[in-house]
Amino acid sequence: MSIRRPVYLCHQPGFLSAQLKEIVSRASPCILCPRHCRVNRSIGKIGFCATGLNPVIASYGPHHGEEEPLSGIHGSGTVFFSGCTMRCTFCQNYEISRGYQGTQVTEEELAEIFLKLQGLGCHNINLVTPTHQLPAIIGALIRAIDAGLCIPLVYNTGGYDDEKTLRLLDGIVDIYMPDLKFAEDETGQIIAETMNYPTFAYAAIREMHRQVGDLRLRHGIATRGLLVRHLILPGLAEESKEILRFIAEEVSKNTWVNIMDQYYPAGDIVQSCPSLYPSLTRRVTQNEVELVCKTATGYGLSRGFFTSQE
Ligand code: SF4
């Protein structure tokens, strides 16, 4: 278990309640994510993310397959929220991300899940795809703190986040773990139904880094900071190169970057691969992986994908 106090425990009384009030107001009409659907979720209206304000949990438990600084020895306490603000054609968790799978829970039950994960020895609470469920998450956090929660929060997103919403998490989240998926607007639009993905994701990641800085470890376990994931997409290595340039030159060369090569054609991609991206029906090649890793090194990035250096 982490020894450092999570940032959410370092405030005067009333801070979290004030943040919660702002977050709740951003959900009705909903402008929590860049889509700004503006549906009134407090009366049960559903937006693009396909879920109401009571979260649907696909699963939860200690996860030993996350990045080493998160999983550590006892696992990362992952909570998988059903629904998503993106619609990646190749999504490997199709049933979850489309909001079809899971159990609806109340704020009280979500708080109990957080405490249960802490009780199992997890090093953190890892909120997977949390943005559209923020009101319940912060409400549950306040309840769980009252009952003794004291491990860091990990905000694990697809990178398509609204900077203003993120600002309300300053002082609440210790570890941000966004994906950085696409460097071209058109790619995001065609593959994930997002408008201006790079603009929003770049602004979001700058804001995340402003709040928490580079990833810091204590005895090998993450305590605070930014960790960026990038899944190499077949045939799109040029976009990977631009993403790595952005991280190195506009965020920090000390950013922990997990370059992932495990893409496989999943979700809708085999049946309805966009004609502009025929390569998405195959896996990435060794040459592509080497090129992307070499680019990262060339930009001076060295943390994360070379785990032996930490
Ligand atoms: S969180 Fe959901 S309802 Fe709200 S703006 Fe985003 S997609 Fe729309």
Side-chain angles (χ1 to χ4, degrees), residues 19-58 78-107 110 125-141 153-170 172-173 176-182 185 187-208 267-268:
Q19 299 306 94
L20 175 60
K21 202 170 159 197
E22 296 283 322
I23 287 166
V24 166
S25 81
R26 288 184 75 79
S28 296
C30 193
I31 51 170
L32 283 171
C33 87
R35 291 193 183 276
H36 285 202
C37 297
R38 295 188 182 276
V39 293
N40 192 341
R41 294 177 70 200
S42 65
I43 56 166
K45 299 288 181 193
I46 302 289
F48 183 91
C49 56
T51 48
L53 283 179
N54 271 344
V56 178
I57 306 287
T78 43
V79 183
F80 287 89
F81 292 95
S82 200
C84 187
T85 59
M86 302 179 70
R87 200 159 286 165
C88 299
T89 323
F90 53 79
C91 184
Q92 297 173 3
N93 295 314
Y94 180 91
E95 294 294 331
I96 298 173
S97 63
R98 302 290 158 94
Y100 307 145
Q101 204 176 67
T103 306
Q104 194 172 77
V105 296
T106 62
E107 208 173 275
L110 186 57
I125 301 296
N126 185 344
L127 307 163
V128 186
T129 325
T131 304
H132 56 296
Q133 299 299 357
L134 267 177
I137 288 171
I138 305 304
L141 177 70
L153 279 193
V154 181
Y155 200 78
N156 180 343
T157 86
Y160 194 52
D161 282 292
D162 185 295
E163 190 185 340
K164 286 186 183 156
T165 300
L166 288 174
R167 275 193 224 138
L168 294 168
L169 301 178
D170 192 2
I172 297 177
V173 169
Y176 282 104
M177 185 161 65
D179 290 322
L180 194 38
K181 294 172 185 278
F182 318 114
D185 287 348
T187 310
Q189 204 173 328
I190 294 175
I191 299 182
E193 293 186 38
T194 54
M195 293 296 283
N196 306 318
Y197 176 90
T199 305
F200 283 109
Y202 289 175
I205 288 174
R206 283 195 198 96
E207 171 61 17
M208 292 172 183
D268 287 339

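Source: prediction; values computed, not measured. When a ligand or atom number is given, it counts from 1 through the structure's own listing order.
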> In terms of atom number and element, which parts of ligand 1 are under 4.0 angstrom from non-hydrogen atoms of His132?
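In order of number, 1 (S).
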> Looking only at atom types and distance, does a side-chain atom of Thr89 sit under 3.5 Å from a main-chain N or O of Ile191, one as donor and one as acceptor?
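The answer is yes, because a donor-acceptor pair under 3.5 Å joins these two groups.
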> Knowing that exactly one of Leu169, Leu168, Asp170 qualifies, which makes a side-chain contact (heavy atoms from CB on, under 4.5 Å) with Leu166?
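Of the listed residues Leu169, Leu168, Asp170, the side-chain contact (heavy atoms from CB on, under 4.5 Å) partner of Leu166 is Leu169.
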> Assess Cys49: does it contribute an N, O or S atom lying under 2.8 Å from atom 2 (Fe) of ligand 1?
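Yes - counting backbone and side chain alike, Cys49 has an N, O or S atom under 2.8 Å.
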> To check your reading of the model: name the closest protein heavy atom to atom 5 (S) of ligand 1, its residue, and the distance in Å.
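In this structure, atom 5 (S) of ligand 1 has Cys37 N, 3.4 Å as its nearest protein heavy atom.
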> Taking the inter-plane angle between the rings of Tyr160 and Tyr197 on a 0 to 90° scale, is it parallel (under 30°), tilted (30 to 60°) or perpendicular (over 60°)?
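Rings of Tyr160 and Tyr197: parallel, as their planes differ by under 30°.
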> Looking at Lys164 and Asp162, does any basic side-chain N land under 4.0 Å from a carboxylate oxygen?
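No, Lys164 and Asp162 are not salt-bridged.
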> Can a salt bridge be assigned to the pair Arg167 and Glu163 using a cut-off of 4.0 Å between side-chain N and carboxylate O?
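Answer for the salt bridge query: yes.
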> Strictly distance-based, threshold 3.5 Å: is any side-chain N or O of Arg41 a donor or acceptor partner for the main-chain N or O of Ser28?
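Looks like no, no N/O pair under 3.5 Å.
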> Counting each atom of ligand 1 from 1 as listed, which ones have a heavy atom of Gly47 under 4.0 Å away?
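Those atoms are 3 (S).
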> Which heavy atom of the protein is the closest neighbour of atom 6 (Fe) of ligand 1, given with residue, atom name and distance?
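Looking at atom 6 (Fe) of ligand 1, the protein heavy atom closest to it is Cys33 SG, 2.4 Å.
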> Counting each atom of ligand 1 from 1 as listed, which ones have a heavy atom of His36 under 4.0 Å away?
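Ligand 1 atoms under the 4.0 Å threshold to His36: 5 (S).
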> When you measure from atom 4 (Fe) of ligand 1 to every protein heavy atom, which one gives the shortest distance, and what is it?
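Nearest neighbour among protein heavy atoms for atom 4 (Fe) of ligand 1, to 0.1 Å: Cys30 SG, 2.2 Å.
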> Once you restrict to heavy atoms under 4.0 Å, what part of Arg38 touches ligand 1? Side chain, backbone, both or neither.
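Arg38 to ligand 1: no contact under 4.0 Å from either part.
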